[in-house]
There are 2 protein chains.
Amino acid sequence: MADVERAISALADPTRRTVFERLIDGPQSVGALARGLPVSRPAVSQHLQVLKSAGLVADRAEGARRVYRIDPAGLGAIRAWLDRFWTQALDAYQAEIDSKEEN
Amino acid sequence: MADVERAISALADPTRRTVFERLIDGPQSVGALARGLPVSRPAVSQHLQVLKSAGLVADRAEGARRVYRIDPAGLGAIRAWLDRFWTQALDAYQAEIDSKEEN
DNA sequence: ACTTACGGTAAGTCATGGCTGACGTAGAGC
DNA sequence: GCTCTACGTCAGCCATGACTTACCGTAAGT
């Protein structure tokens, strides 16, 4: 649950969301990611740490470079949480409509 | 898409998430919500404005009181966005695994 | 009309966090 | 071993936003 919390707030930042979306095209090194973004390389590195601690990405050392890839775990956690939430909200919504129609 | 962006960042705040979750139990007035939270009533009011502009809640005037309820629109937007994202991520993930096994 | 309850708004404070530049470290090539 | 590239980390800056108090309009009850 706290895992989900961090995943959500991680994806709340626009830059971080962009970094994450770029990784969908395939694993990338930090420098490669930073080159396509309007922020410095340290900024990208920090964003990747946040994404990593949220279970959204994983990293693998490849020589001097560090390649990041998407980790399905974090996204799956959000999805599960959202699904449960979604059904609850819909149920409550429908129940509210029904109770109004009974008048 | 920008709608989704606001919905996500809206749910990123813990207090706001709590407010939203409380509304699942049924529509609530601002005062009722504030009474169960460690923050002041204006704070809750401001959070509700954010949730409203994100399409996550809707309000209805009921005499002097203002009752807020969950609006499925915002949650549905996040869900749709996340689903598309989810399949893309999984595809990319699987494709990456396959390309590694070909060595 | 007066009062009381409810809630949105304004102004101001303070903490969080995103960003940069500087620095230190590890690997690869000559 | 020297150099160059690639990253992570640290310190500090600054904007964003969450929160509070004070205030104002509005609706209902007496």
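Per chain, numbering begins at 1; letters A, B, ... match sequence-line order. Keep in mind the model is a prediction, meaning the values are calculated, not measured.
As rounded to whole Å, 13 Å separates atom P of C/dC6 from atom CG of B/L33. For the pair A/E62 CD and D/dG8 P, the computed distance is 13 Å after rounding to whole Å. Rounded to whole angstrom, the span from the CZ atom of A/R16 across to the C1' atom of C/dG18 amounts to 8 Å. Regarding B/L48, its CG atom lies at a distance of 16 Å from the P atom of C/dC6, rounded to whole Å. The distance between atom NE2 of B/H47 and atom P of D/dA18, rounded to the nearest whole Å, is 6 Å. Taking atom CD of B/Q28 as the reference point, atom C1' of C/dG7 lies 15 Å away to the nearest angstrom. Computed from coordinates, the A/L37 CG to C/dT20 P distance equals 10 Å when rounded to whole Å. Across the protein-nucleic acid pair, A/K52 atom NZ and D/dC7 atom C1' stand 12 Å apart, rounded to whole Å.
The side chain of A/R35 lies closest to D/dA6 when the candidates are D/dC19, C/dG18, D/dA6.
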Using the rule given for side-chain contact (heavy atoms from CB on, under 4.5 Å), can you reason through B/L75 versus A/L90, listing the C-alpha separation, both sets of side-chain angles and the distance that settles it, and then say yes or no? CA-CA 10 Å; B/L75 215 51; A/L90 266 196; over 6 Å; no

Evaluation steps, side-chain contact (heavy atoms from CB on, under 4.5 Å), between B/R41 and B/R35: CA-CA 8 Å; B/R41 185 193 52 72; B/R35 244 168 262 129; over 6 Å; no

What nitrogen or oxygen pairs link the protein and nucleotides 20-22 of chain D at under 3.5 Å?
| from | atom 1 | to | atom 2 | distance (Å) |
| --- | --- | --- | --- | --- |
| D/dT20 | OP2 | B/S40 | N | 2.7 |
| D/dT20 | OP2 | B/S40 | OG | 2.6 |
| D/dT20 | O4 | B/Q46 | NE2 | 3.2 |

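Of the two residues near DNA chain C, A/A64 and A/D13, the one whose nearest nucleotide lies more 5' is A/D13.
At the phosphate of D/dA6, neither OP1 nor OP2 sits under 4.0 Å from any side-chain N or O atom of A/Y68. The side chain of A/T15 contributes no N or O atom lying less than 4.0 Å from OP1 or OP2 of C/dG18. Listed pair B/R66 / C/dG8 meets the phosphate criterion, a side-chain N or O lying under 4.0 Å from OP1 or OP2. Between D/dC7 and A/S45, no contact under 4.0 Å exists linking OP1 or OP2 to a side-chain N or O. Contact annotation: A/R65 does not reach the phosphate of D/dT5 (side-chain N/O to OP1 or OP2, under 4.0 Å).
Distance check, rounded to the nearest 0.5 Å: CG of B/L56 to CZ of B/R69 gives 13.0 Å. One distance of note links CG of B/L11 with CZ of A/F85; it measures 7.0 Å at 0.5 Å rounding.
Linking Ile, Leu, Val, Met, Phe, Trp and Tyr whenever their side-chain heavy atoms come within less than 4.5 Å puts B/W86 and A/L82 in one cluster.
Other residues, nucleotides and ligands contribute only 12 or fewer heavy atoms inside 6.0 Å of the CZ atom of B/R65.
Salt bridge B/R79/A/D83: present, at least one basic N to carboxylate O contact under 4.0 Å.
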